[in-house]
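Take a look at the structure below.
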Amino acid sequence: MKTLRVVLGDQLTRTLAALRDYQDVDVVLMVEVHDETVYVRHHKQKIAFILAAMRHFAAALQAEGVTVDYVKLDAPGNTGSFPDEVTRAVARHRPDRIVVTEPGEYRVRRLFDDWAATAAVPLEMRADDRFLCPSEVFADWLGDKRSPTMEYFYRLMRRRTGYLMNGDEPLGGQWNFDAENRKRYPRNAIPPQRLVFAPDATTQEVLALVAARFGEHFGDLEPFAWPVTRPQAEAALAHFIEHVLPGFGDYQDAMVQGAPFLHHALLSPCLNAGLLTAKEVCDAAEAAYGARLVPLNAAEGFIRQVIGWREYVRGLYWRLMPAYADSNALNATRDLPWFYWSGETDLNCLKQVIGETRAHAYAHHIQRLMVTGNFALLAGVAPRQIEEWYLIVYADAYDWVELPNVHGMVMWADGGVLGTKPYAASGAYIDRMSDYCRGCRYDVKQKTGPDACPFNYLYWNFLSENEQRLAGNPRLAMPYRNLARMDKTQRATIAADSRRFFERIGLKP
Ligand code: FAD
Ligand code: DLZ
Ligand code: SF4
């Protein structure tokens, strides 16, 4: 039986379900499609990363003797869409069946389901077992919980995988060392050096293509330093484990001006595209702890992000789509401020994070959550606008992971499915965890007035604007008590400062 095996741009894993039973008569189809490059106007480095990784993956398969039909973006006749390219490939190869691993995104899954419904050739869609939690297990755990807590899902995953376990008990007697993971970065400390992967001829060809076709998209294309092959991804993982992971736990929440990476892994683009698997990165972190190369809070913190948060957001996404994307629990309707694209703002924390995002198609978790995310939440930006921004600007962004993080964790647009309360914070949080405020024209200690940090009055304004919806939330009891203690004049000043600020940045008051 001749099989056409379709491999998508985020399925670049040799052990992928769709490749597992490859026979000599089979053909692997990989297509660079215009629709995928423009369904949002991705950061230039994101497109370059995916196309370069796809081309290298195809070449590695071919070097093994696998037959690959690889359709480049500018190949004559390329229709620019997944369904039409599969139809063309069926005409070229006349397979008896098509095998594909389930797409990561709901949007693409629909394309394949719709295609299969009318196709003359049967299509088999296989579960993506690169994820460690099968969908039935997640569904069973989720049941009818209204606020499914990540921490309990994580404990289930620790037991299922056996990572850092001593029988049924967590190593160190604690499931979670997050309380130890909130240190400021020491003033004169130098963050670890990162590996830089110089583009080879294949990647250079992709860079030229991206410069020519997507020159108007967001972000800088070069310098381009991402790993794009399996050996490079393995080198990046080994370097992370040896030189970077030891400080991951302690400094997970820290932010330092001019140091975009600190002790973060920079592995999410490779993980999400399939150049690395969740299992191998967690195996490596656990082994480093076993060899006493890294402390327990670092290994546990890292493994929690991968088997906990990553699997949890994916599980929720697939259980709750498509309705999930439509909610807007706080009725947020303001536009995304223009400076999210240009980085031109006098709020130093935002300027730094957006500038780094433009330069690297990367920002670490706390920058995404507590700077660009927190600001969008406080400003009441429409969920769809801020979601699209996150999907565009990061090299690791795919709907299945971006949407729950932005819609649920940041914007609380799901009304509390993913987080029991919004992560709203004033400037004091950013000041505690970073050195951004030192270089800012605003004063983080001032609460109101023209020189006050805008996060300060926007925080109270947010609580005030959403009082009806949020005041009954037990986790917000303390701030609402403080709001209630404010007199009328204080509340009016906060509202007036916020209104003036919104007008100044071109948003409706
Ligand atoms: P590290 O901080 O070193 O963490 C290690 C790994 O843990 C990551 O590579 C990632 O695979 C996983 N991880 C950590 N946190 C999360 C999380 N909340 N959800 C899922 N996986 C997680 N991650 C994406 O992969 N794609 C996205 O589009 C994305 N959008 C985000 C948007 C917002 C608003 C927020 C707050 C977070 C988002 N994240 C996203 C999660 C997280 O910020 C990134 O995974 C992380 O910054 C990637 O960098 P790293 O590899 O250096 O991660
Ligand atoms: C993101 C992306 C881009 C920019 N280009 C392609 C492409 O040309 N071909 C491809 O197969 N995949 C691409 N991708 C990744 C897809 O969007 C990804 O496979 C889906 O999001 C999975 O559902
Ligand atoms: Fe950001 Fe406010 Fe600090 Fe300026 S003072 S960097 S706006 S938190």
Side-chain angles (χ1 to χ4, degrees), residues 6-11 30-40 42 46-47 49-51 54 71 73 82 85 102-109 111-112 150 240 244-245 248 252 261-273 276 278 281 301-306 308-314 345-352 362-373 375-376 386-387 390-391 394-406 409-411 423 426-431 434-446 452-456:
V6 184
V7 174
L8 305 179
D10 56 354
Q11 299 183 340
M30 295 179 69
V31 287
E32 295 177 2
V33 289
H34 181 74
D35 285 0
E36 292 305 304
T37 58
V38 295
Y39 73 89
V40 292
H42 309 278
K46 180 181 176 187
I47 302 179
F49 168 75
I50 292 168
L51 298 191
M54 284 177 68
V71 184
L73 199 62
F82 279 137
E85 282 311 291
E102 58 191 0
E105 296 191 334
Y106 185 83
R107 177 184 63 82
V108 179
R109 167 88 201 230
L111 290 177
F112 276 89
M150 199 298 285
F240 165 68
V244 186
L245 180 61
F248 177 87
Q252 212 175 316
F261 311 133
L262 294 176
H263 287 262
H264 291 274
L266 299 191
L267 294 177
S268 49
C270 288
L271 271 167
N272 294 350
L276 294 171
V281 302
F302 178 74
I303 288 174
R304 172 158 31 91
Q305 307 311 316
V306 179
W309 280 110
R310 187 169 186 269
E311 299 281 333
Y312 171 79
V313 298
R314 177 181 185 257
T345 166
D346 56 9
L347 282 78
N348 190 43
C349 50
L350 284 165
K351 184 186 165 103
Q352 297 305 323
Y362 177 86
H364 68 68
H365 185 70
I366 291 298
Q367 294 176 308
R368 297 187 204 196
L369 181 63
M370 299 311 293
V371 179
T372 41
F375 185 85
I386 185 70
E387 284 152 22
Y390 276 102
L391 194 55
Y394 294 116
D396 58 22
Y398 300 85
D399 201 44
W400 66 265
V401 53
E402 171 275 323
L403 186 74
N405 271 297
V406 182
M409 195 185 307
V410 164
M411 298 305 289
Y423 274 92
S426 69
Y429 176 88
I430 295 173
D431 191 31
S434 79
D435 61 358
Y436 294 145
C437 302
R438 265 190 259 144
C440 188
R441 113 185 226 337
Y442 296 104
D443 181 354
V444 72
K445 300 279 188 269
Q446 289 190 42
C453 165
F455 281 85
N456 290 344

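Quick caveat, the model's predicted, so the values are computed rather than measured. Atoms within each ligand, like the ligands themselves, are counted from 1 in listed order.
- The protein heavy-atom contact nearest to atom 5 (N) of ligand 2 is E36 CB, 3.6 Å.
- Considering backbone and side-chain atoms alike, D10 places an N or O below 3.5 Å from some N or O of ligand 2.
- Among Q11, E105, H34, the residue whose heavy atom lies nearest to atom 23 (O) of ligand 2 is E105.
- Figure legend: K351 and Y436 shown without cation-pi pairing, the cationic atom not lying both under 6.0 angstrom from the six-membered ring centre and within 45 degrees of its axis.
- The N/O atoms of V33, backbone and side chain alike, include one that comes under 3.5 Å of an N/O atom in ligand 2.
- Put simply, C453 stays out of reach of atom 4 (Fe) of ligand 3, with no N, O or S atom under 2.8 Å from it.
- Selection from Q305, R310, E311 by nearest heavy atom to atom 15 (N) of ligand 1 gives Q305.
- For the salt bridge (charged side-chain N to carboxylate O under 4.0 Å, His left out) test with D396, the passing option among R368, K46, R310 is R368; the others fail.
- When non-hydrogen atoms are compared, ligand 1 lies under 4.0 Å from the backbone of L369 as well as from its side chain.
- Nearest protein heavy-atom contact of atom 9 (N) of ligand 2 is V31 O, 2.8 Å.
- Against a heavy-atom cut-off of under 4.0 Å, C437 is close to the following atoms of ligand 3: 3 (Fe), 5 (S), 6 (S), 8 (S).
- One option in R368, H264, M411 has a heavy atom closer to atom 46 (C) of ligand 1 than any other, and that option is R368.
- Comparing heavy-atom distances from atom 14 (N) of ligand 2 across I50, V71, N272 singles out I50 as nearest.
- Assignment of W400 to the shell around ligand 2 is not supported, since no heavy atom sits closer than 4.0 Å.
- For Y394 and Y362, the gap between ring centers reaches or exceeds 6.0 Å.
- In this structure, the ring of F455 has its center no less than 6.0 angstrom from the ring center of Y442.
- Summarising the geometry of D399 relative to E105, their closest heavy-atom pair is N-OE2, 2.8 Å, with the distance given to 0.1 Å.
- With respect to E36 and R107, a salt bridge is recorded, a charged nitrogen being found less than 4.0 Å from a carboxylate O.
- For ligand 2, the polar-atom distance check finds an N/O of G9 within less than 3.5 Å of one of the ligand's N/O atoms.
- Note: H264 and F248 have perpendicular aromatic rings, judged against thresholds of 30 and 60 degrees for the angle between ring planes.
- Within the listing of ligand 3, atoms 4 (Fe), 5 (S), 6 (S), 7 (S) sit less than 4.0 angstrom from a heavy atom of C440.
- Nearest residue to atom 49 (O) of ligand 1 from F248, Y398, Y362 is Y362 (criterion: closest heavy atom).
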